[in-house]
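The analysis underlying the following values was restricted to heavy atoms, covering all of them including side chains, and did not include hydrogens, waters or symmetry mates. Note that the numbering runs from 1 along the sequence shown for the chain. None of these values were measured; they are calculated from a predicted model.
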Amino acid sequence: MFGRITPMVKNILIINIGIYLLDVFLKLELIDFFGLRVIFSEEFHPHQFLTYMWLHSTTSFYHLFGNMFAVFIFGPMLEQVWGSKRFLTFYLACGIGAGVLFGAADFFEKRSLKVDTEIYLENPNPEAFEIFILKHRVSYGGLSQLADFSDDFYENANNNFYISQSKEYVQQIFDLFSNIPMVGASGAVFGILMAFGMLFPNTQLMLLFPPIPIKAKYLVFFYGAYELYAEISRSPGDNVAHLAHLGGMLVAFILLRLWQKDTRRFY
């Protein structure tokens, strides 16, 4: 049922793989400048809403492989239906839209860290430090070290060294958590999955694990439900941008509903 690779899908694969190889072998560290940062970060730039979706983690090849495999499998049928220009428009809209929605949610999520940091730096004291590290402990790996320091800080509340060191720890936690860049084509990929499920809902797909057939509409529903659950019940250490995945699906749903209103242009 899946035909040959189409021109725009091929170009998307070439660009993503090419950038990945350049980044890995030439050590360009493109993620530092082109990955999507939280809006209040000093390293945030508007172009990152577009550029983040062409970059992938250089520490895990499977990040790139998983996204590009989905584009390779599901993209050609959508491009055959819409044509190359509309498919590219859809791909970019889902990726950028996912980045914008993620960026907005990320801002509100991390704003509390920013506010707590500013409040602490204005009035550093042992009790406030303990509350800060307990509230934001997921952001910092050396929790036991901070706990030991907190105990010592209580015993030396007026010592300038401990006050200065506590402010440095708080600033480190803020810098670490607020400057994690988001990269990957997952927002656009989940948009492709949503579109495939809407256009070809009863198409039978074969899962790899477990190897059972499933209709496209059920697969899309499962992915959406899982991403929503994973975001709501996010576990410590989970650095997957589930909101970006959901954002891509939402943008895809809205776009298809708009395009379907004009059936003469939709197909």
Side-chain angles (χ1 to χ4, degrees), residues 2 6 8-9 12-13 16 35-36 48-57 62-82 86-109 182-209 214-235 238-261 266-267:
F2 296 102
T6 47
M8 192 55 65
V9 166
I12 290 173
L13 295 177
N16 277 275
L36 180 58
Q48 293 168 358
F49 287 118
L50 171 64
T51 56
Y52 88 95
M53 60 184 290
W54 302 99
L55 300 169
H56 290 82
S57 171
Y62 291 103
H63 184 213
L64 172 72
F65 177 79
N67 282 336
M68 293 304 100
F69 182 73
V71 173
F72 173 76
I73 293 296
F74 299 105
M77 289 189 69
L78 297 178
E79 186 174 347
Q80 289 171 14
V81 170
W82 292 329
R86 175 159 288 205
F87 177 76
L88 178 60
T89 299
F90 175 84
Y91 185 85
L92 292 175
C94 288
I96 295 172
V100 171
L101 292 174
F102 173 83
D106 196 40
F107 169 79
F108 287 108
E109 179 183 344
M182 195 265 283
V183 295
S186 298
V189 168
F190 272 78
I192 287 176
L193 290 176
M194 173 62 82
F196 191 92
M198 293 177 68
L199 289 180
F200 312 104
N202 296 313
T203 299
Q204 289 281 359
L205 303 172
M206 181 62 71
L207 297 179
L208 295 178
F209 304 103
I214 184 174
K215 290 185 177 180
K217 58 185 178 183
Y218 298 133
L219 180 65
V220 170
F221 174 80
F222 169 78
Y223 268 119
Y226 169 77
E227 292 298 327
L228 182 60
Y229 169 79
E231 178 59 34
I232 294 175
S233 60
R234 180 181 290 274
S235 58
D238 183 358
N239 60 353
V240 177
H242 300 289
L243 280 176
H245 300 172
L246 292 169
M249 298 181 81
L250 177 61
V251 172
F253 178 83
I254 294 173
L255 270 179
L256 262 68
R257 286 297 184 223
L258 292 174
W259 289 352
Q260 283 176 331
K261 290 181 178 180
F266 184 66
Y267 290 106

Item checked: Residues, nucleotides or ligands: over 12 heavy atoms within 6.0 Å of F107 CZ -> yes

Next item on the list: Report the distance from atom OH of Y223 to atom CE of M249, rounding to the nearest 0.5 Å.
Entry: 10.0 Å

Item checked: Separation between NZ of K215 and CG of L205, rounded to the nearest 0.5 Å -> 11.5 Å

Notebook entry, point to check: In Å, rounded to the nearest 0.5 Å, how long is the span from CG of L246 to OH of Y226?
Noted result: 11.5 Å

Check: Does F90 reach the side chain of L256, with side-chain heavy atoms less than 4.5 Å apart?
Finding: yes

Next item on the list: Any chance you could measure I214, atom CD1, to F221, atom CZ, to the nearest 0.5 Å?
Entry: 10.5 Å

Checklist line | Least distance between heavy atoms, P76 atom then V9 atom | finding: N-CG2, 3.7 Å

Item checked: Rounded distance [0.5 Å steps], CG in L36 versus CE in M53 -> 12.0 Å

Check: Within the distance-only criterion (no hydrogens, no angle test), does the side chain of H63 pair as donor or acceptor with the backbone N or O of S57 below 3.5 angstrom?
Finding: yes

Check: Considering residues at least two apart in sequence or located in another chain, which fulfil the side chain to side chain donor-acceptor pair (under 3.5 Å) criterion with D106?
Finding: K110

Next item on the list: Could I get the full list of side chain to side chain contact (heavy atoms under 4.5 Å, CB included) partners for T51, not counting sequence neighbours?
Entry: F34, H47, Q48

Check: Would you say the side chain of N67 lies within less than 4.5 Å of the side chain of V71, judging by non-hydrogen atoms?
Finding: no

Check: residues 93-100 side-chain donor-acceptor pairs under 3.5 Å, at least two apart:
none

Item checked: Closest heavy-atom pair and its distance - T6, E79 -> OG1-OE1, 2.5 Å

Next item on the list: For residues A185 and N16, report the shortest heavy-atom separation together with the two atoms involved.
Entry: CB-OD1, 4.5 Å

Next item on the list: With sequence neighbours excluded, tell me which residues meet ring-ring contact (aromatic ring centres under 6.0 Å, His included) with F65.
Entry: F69

Donor-acceptor pairs under 3.5 Å, side chain of residues 194-202 to any protein atom, not counting sequence neighbours: which ones?
from: N202; atom 1: OD1; to: K217; atom 2: NZ; distance (Å): 3.1

Note to self: Please enumerate all residues that pass side chain to side chain contact (heavy atoms under 4.5 Å, CB included) together with T89, with sequence neighbours excluded.
What the structure shows: none

Checklist line | Separation between CD1 of I192 and CE of M77, rounded to the nearest 0.5 Å | finding: 13.0 Å

Next item on the list: Report yes if the side chains of M8 and Y91 come closer than 4.5 Å at any heavy-atom pair, otherwise no.
Entry: no

